[in-house]
Amino acid sequence: MDTDGFTTCLWFDGQAEEAARFYVSVFDGSKLGEVVRNTGATPGGEDGTVLTVEFTANGQKFVALNGGPEFRFTEAISFQLDCDDQAEIDHYWEKLVEGGGEHGPCGWLKDRFGVSWQVNAKRLTKMIGDPDREKADRAFKAMMTMGKLDIAELERAYAGGA
């Protein structure tokens, strides 16, 4: 067994290479790895078409698989990005929806492949976990009214301002 963590496999319908290239473009320091092509022995794909693409994005290992139309992504699985500041939130909020994704509520979005992401503020996690439940509840309620998270507005709500 590989003791260097695990690899997340993402199932696509013919878009594995496009998706891998997109994710590598979003995160600094990311890279493409091995591309495996279909052969006569692999089911479902024409000879020479992409079967899998290995890639690393934001330090995480992935393999993109062209598995066919049987399975789709749902919000039951999402990737959470814990951002240090508003500029980072703004960057990922826009970059991840490029080419046909959609913004959602409370910092959630879907990219153009249907993969769900949570563009979160590290500070928010601390606010809503505060033992002072009044402060935590104010921050949580403010978050529930937002699409893209606004750290300054979250801080105001947390501190008791409106």
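Note that the coordinates shown come from a computational prediction; the quantities given were computed from them, not determined experimentally.
Contact of the Gln86 side chain with the Asp150 side chain is registered, since non-hydrogen atoms from C-beta on lie closer than 4.5 Å. For the pair Ile89 and Ile151, the minimum side-chain heavy-atom distance is below 4.5 Å. Between Leu32 and Arg21 the shortest side-chain heavy-atom distance falls below 4.5 Å. Proximity of Leu51 to Arg37: side-chain heavy atoms (C-beta onward) are nowhere separated by under 4.5 Å. Proximity of Leu81 to Asn58: side-chain heavy atoms (C-beta onward) are separated by under 4.5 Å at one or more points. You'll find the side chain of Lys110 stays beyond 4.5 Å of the side chain of Val115, heavy atoms only. Contact annotation: the side chain of Cys9 never approaches that of Phe62 to less than 4.5 Å [non-hydrogen atoms, C-beta and beyond]. Taking 4.5 Å as the limit, every side-chain heavy atom of Thr52 sits out of range of all side-chain heavy atoms of Asn66.
For Arg123 and Tyr158, the positive end sits near the middle of the six-membered ring, less than 6.0 Å away and at most 45° from its axis.
Here the CD atom belonging to Gln60 is positioned 7.0 Å from the OG1 atom belonging to Thr8, to the nearest 0.5 angstrom. Between the SG atom in Cys106 and the CG atom in Leu149 there is a gap of 7.5 Å [rounded to 0.5 Å].
Side-chain atoms of Arg138 come within 3.5 Å of backbone atoms of Ala157 as a donor-acceptor pair (strictly under, hydrogens ignored). A donor-acceptor pair under 3.5 Å is formed between the side chain of His103 and the backbone N or O of Trp93.
The 12-atom threshold is exceeded at CD of Glu70, counting heavy atoms of other residues, nucleotides or ligands nearer than 6.0 Å. Environment of CG in Asp47: crowded, with over 12 heavy atoms of neighbouring residues, nucleotides or ligands closer than 6.0 Å.
No continuous path of hydrophobic side-chain contacts links Ile77 to Val63 [ILVMFWY only; heavy atoms under 4.5 Å]. At a threshold of 4.5 Å between side-chain heavy atoms, the hydrophobic network of Ile, Leu, Val, Met, Phe, Trp and Tyr places Phe140 and Leu124 in one connected group. A chain of hydrophobic side-chain contacts below 4.5 Å, direct or via other Ile, Leu, Val, Met, Phe, Trp or Tyr residues, connects Trp117 to Tyr92. Follow the hydrophobic side-chain contacts under 4.5 Å out from Phe22 and you never reach Leu65; the two are in separate clusters. Linking Ile, Leu, Val, Met, Phe, Trp and Tyr whenever their side-chain heavy atoms come within less than 4.5 Å puts Met127 and Met144 in one cluster.
For Asp111 and Tyr23, the side-chain atoms include at least one donor-acceptor pair closer than 3.5 Å. Counted by atom type alone, Gln15 and Asp13 present zero donor-acceptor pairs between their side chains at under 3.5 Å. Asn120 and Asp82 form a side-chain donor-acceptor contact under 3.5 Å, judged by distance and modelled atom types alone.
In this structure, Phe113 has its ring center closer than 6.0 angstrom to the ring center of Phe12.
Smallest separation of non-hydrogen atoms from Lys95 and Ser25: CE-O, 4.0 Å. The shortest non-hydrogen separation linking Gly114 to Phe73 is O-CB, 3.2 Å. Closest of all the heavy-atom pairs between Ala142 and Leu154 is CB-CD2, 4.1 Å. Here the closest heavy-atom approach between residue Asp130 and residue Ala136 is recorded as O-CB, 3.7 Å. Closest approach of His91 and Val26 over heavy atoms only: NE2-O, 3.7 Å. Listed here is the closest heavy atom pair of Trp108 and Ser78: CH2-OG, 3.6 Å.
Using the six-membered ring where Trp is involved, Trp11 and Phe71 have ring planes that are perpendicular, over 60° apart on the 30 and 60° scheme.
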Derivation and outcome, side chain to side chain contact (heavy atoms under 4.5 Å, CB included), residues Val35 and Val50: CA-CA 7 Å; Val35 177; Val50 171; 4.0 Å; yes

Side chain to side chain contact (heavy atoms under 4.5 Å, CB included) for Glu102 and Leu109? Distances and angles first, verdict last. CA-CA 6 Å; Glu102 59 189 54; Leu109 59 85; over 6 Å; no

Do Glu88 and Lys122 pass the salt bridge (Lys or Arg N to Asp or Glu O under 4.0 Å) test, and can you show the C-alpha distance, the side-chain angles, and the key distance before you say yes or no? CA-CA 11 Å; Glu88 200 172 16; Lys122 283 183 186 176; over 6 Å; no

How far apart are the C-alpha atoms of Arg112 and Glu18, what are their side-chain angles, what is the distance that settles it, and do they pass the side chain to side chain contact (heavy atoms under 4.5 Å, CB included) test? CA-CA 11 Å; Arg112 68 180 179 235; Glu18 177 188 352; 3.6 Å; yes

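Salt bridge status for Lys61 with Glu54: absent, with no side-chain N to carboxylate O gap under 4.0 Å. Residues Arg156 and Glu153 are paired through a salt bridge, judged by an N-O separation under 4.0 Å between the basic side chain and the carboxylate.
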